[in-house]
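What's counted below: heavy atoms across the whole structure, side chains too, no hydrogens, waters or symmetry copies.
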Amino acid sequence: MIDVIIVGAGPNGLMLACELALAGVRPVVLERHVTPTGEPRANGLVGQVVRLLDRRGLYERLSGESTPPTPQPAFTFGAFPLDLTMLAENPHYVLGVPQAQLEAALADRAVELGVDLRRGHEVVDLRQRPDAIEVGLADGTRLSCRFLVGADGGRSVVRRLAGIDFPGVTNDRSVSRTATVTVPASFLDPETGGLRVPGYGVVPPFQHTRTERGLIAWAPFPGRPAILSATEWPDVPTSDETPMSLAELRASVARVLGADVPLDAPDGPGLLRRLTGGNTRIATRYRADRVLLVGDAAHVHPAIGGPGLNLGLQDAANLGWKLAATVRGWAPQGLLDTYESERRPVAERVVMSTQAQSALISPGAEITGLRQLFAELLAKPEVTGHIAALMSGADVRYPADPADPLAGRCAPDVVVHGDHGPVRLAELTRAARPLLLDSTGTYAEVAAPWCDRVEVVTGPLEGTTATALLVRPDCFVAWSAGDADTLRVSLTHHFGQPR
């Protein structure tokens, strides 16, 4: 019998497969497409997930850089530019890689770790038994597994077959048109990289620019074709039956900006897409007995601000170690249920953020008035800091001891000064094992009964005021220095009974 089957070989399913494999469980990944679709989707990763990839050794693969990620000096929220240089601690990271490149890197890593990746296998049926799940494939094959994870997107077959509802709101008012394009050299602003439009001005790069008539986004990615997007709220519904064209996008841009931008298609395959409306939905439950949902199968929301992969990949990191602990038999009672209790509130905050941004970019004089007030608020560092933490996920705190200021929060970028020199936390977490970082050397004996699950690293700690940290595999703090009794409680609560 297979321990875990993951349905869907997108970023979230592959990330979960890697997390399980690091924890000693070799899952089978079923993907209905024979080859990766290569369909242009996300254009990068935004938020604390960039630090997570660094802590798994994937950031260097994706970025081509040997140095750690650094925060971005600017970003955008609801078509407002955010000046993040005013913040004493900037939590916002960006990694500009297309989703196809991310999927390829995760697939390579999964195969390296021994994951069984099977393409061209479509799930059409599932039957739950008390001790297993039977999965039916389109070719008549049937597989048995202990747990099944749906990572198969917003139209998840697994979610439907498991009988999990997906309530929410469908909005069909907006029409977004996006394409990879080239523009005349005279339209490129050499100083800012923006789009210089006669009769309008400069459209800044990598931001949303709102007018009273709609929204424009210009993304001149280095080394690949630029992407231009225009969003409108038409009075008359738009038909999706006719194919999208560059002429249609050009006309939309002209309506939004009140000025024309000549457009041509780049050489080779490109993006040409029209999206009408969107969905905001969260599954009624993330688990139905032995079926679990991750990523878009559990939640969908507007893409504004780029939070999707930040949310989904960290779902996978949260679920991976808990599911592996359950499969391997050392999970404390109720550990697997904390996947939903920890991650659902995060999804709800992302939904709140994207809905707020969607309201702020809408047309209308009353929205313009709201934006004027919001611009005044964003001039205050504390407001910009709050927004940056919300968008990056740095404000996430899982339920924990309120007397412990670090517990439940993402672990800081600690450096341990051991016998062999300084070591970054990101180098210690690549195996996805629980870690006890101890600057005093006095807690190792307390953790010794958990030595088959928890690795102890001793040495002075730089980057935190805590003298010791217990770090979960998903790089969140389980406990920070207290007494031996509170450490034993936390070890038992997170990692089960001592051997």
Side-chain angles (χ1 to χ4, degrees), residues 6-8 10-13 15-16 19 46-49 52 147-156 158-160 162-170 278-303 305-326 331-358 389-402 407-410 472-478 493-494:
I6 300 169
V7 180
N12 300 319
M15 184 71 178
L16 177 60
E19 293 292 296
V46 175
Q48 294 289 295
V49 69
L52 173 64
F147 290 94
L148 178 71
V149 180
D152 50 343
R155 297 178 179 179
S156 171
V158 172
R159 185 186 63 235
R160 176 177 58 81
I164 299 175
D165 291 335
F166 203 38
V169 176
T170 297
N279 289 299
T280 298
R281 300 180 182 277
I282 299 179
T284 53
R285 46 188 172 148
Y286 284 20
R287 179 184 179 188
D289 298 323
R290 294 180 176 271
V291 175
L292 297 113
L293 304 176
V294 71
D296 289 355
H299 40 68
V300 295
H301 48 77
L309 287 173
N310 188 27
L311 181 59
L313 292 176
Q314 295 206 72
D315 282 351
N318 185 289
L319 175 60
W321 70 276
K322 297 172 180 178
L323 183 54
T326 304
Q333 185 175 4
L335 179 67
L336 193 55
D337 290 328
T338 66
Y339 164 59
E340 178 172 351
S341 64
E342 290 185 347
R343 294 304 297 170
R344 172 182 283 277
V346 182
E348 290 169 348
R349 282 189 66 75
V350 168
V351 165
M352 177 269 289
S353 170
T354 56
Q355 287 180 327
Q357 292 182 76
S358 297
L390 169 66
M391 293 192 71
S392 67
D395 62 348
V396 172
R397 185 178 187 187
Y398 298 143
D401 181 358
R409 300 190 182 279
C410 186
R472 305 181 343 176
D474 58 356
C475 299
F476 276 74
V477 176
H493 176 73
H494 291 92

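Between Asp474 and Ala317, the shortest heavy-atom distance links the atoms CB-O, 3.5 Å. Here the closest heavy-atom approach between residue Asn12 and residue Gly295 is recorded as ND2-CA, 3.6 Å. The shortest heavy-atom contact between Ala151 and Val294 is CB-CG1, 3.4 Å. In plain terms, the two heavy atoms of Ala347 and His299 that are nearest each other are CB-CD2, 3.9 Å. The nearest pair of heavy atoms linking Ile164 to Ala283 is CG2-CB, 4.0 Å. Listed here is the closest heavy atom pair of Met391 and Gly305: CE-CA, 3.9 Å.
Residues passing the side-chain hydrogen bond (donor to acceptor under 3.5 Å, both in side chains) test with Asn310 are Gln314, sequence neighbours excluded. Taking Thr338 as the reference, Lys322 meet the side-chain hydrogen bond (donor to acceptor under 3.5 Å, both in side chains) condition, with sequence neighbours excluded.
Comment: Glu342 engages Arg472 in a salt bridge, judged by a side-chain N to carboxylate O separation of less than 4.0 angstrom.
Inter-residue side-chain proximity for Pro307 and Thr354 is flagged as met; some heavy-atom pair is nearer than 4.5 Å. A 4.5 Å side-chain heavy-atom check between Val7 and Val149 finds every atom pair outside the cut-off. Inter-residue side-chain proximity for Val158 and Val291 is flagged as met; some heavy-atom pair is nearer than 4.5 Å. Counting only heavy atoms from C-beta outward, the side chains of Leu313 and Pro11 approach each other to under 4.5 Å. Contact check for Phe147 versus Thr326: side-chain heavy atoms found under the 4.5 Å cut-off. Side-chain contact between Leu319 and Leu336: present, with at least one pair of heavy atoms (C-beta onward) separated by less than 4.5 Å. Contact annotation: the side chain of Pro302 approaches that of Thr280 to within less than 4.5 Å [non-hydrogen atoms, C-beta and beyond].
At distances below 3.5 Å, not a single donor-acceptor pair connects side-chain atoms of Arg160 with backbone N or O atoms of Asp165. Between the side chain of Tyr339 and the backbone N or O of Asp315 there is no donor-acceptor pair closer than 3.5 Å. Using modelled atom types, one side-chain atom of Arg281 and one backbone atom of Phe166 make a donor-acceptor pair closer than 3.5 Å. Listed for the Arg397 side chain is a donor-acceptor partner under 3.5 Å among the backbone atoms of Ala407.
Atom-to-atom distance recorded for Leu335:CG and His494:NE2 is 8.0 Å, nearest 0.5 angstrom. Atom CG of Leu52 and atom CG of Asn318 lie 11.0 Å apart (nearest 0.5 Å). A distance of 11.0 Å separates CD in Gln48 from SG in Cys475, rounded to the nearest 0.5 Å. To the nearest 0.5 Å, atoms CG (Leu390) and CG (Asp395) are separated by 5.5 Å. The CG atom of Leu311 sits 12.5 Å away from the CZ atom of Arg349 when rounded to the nearest 0.5 Å. We find the CD-CE distance between Glu19 and Met15 to be 4.5 Å, quoted to the nearest 0.5 Å.
Each side-chain hydrogen bond (donor to acceptor under 3.5 Å, both in side chains) pair with one or both residues in residues 284-296, not counting sequence neighbours, appears once here: Arg287-Asp337.
Checking Arg343 against Tyr398 by side-chain atom types alone, a donor-acceptor pair falls below 3.5 Å.
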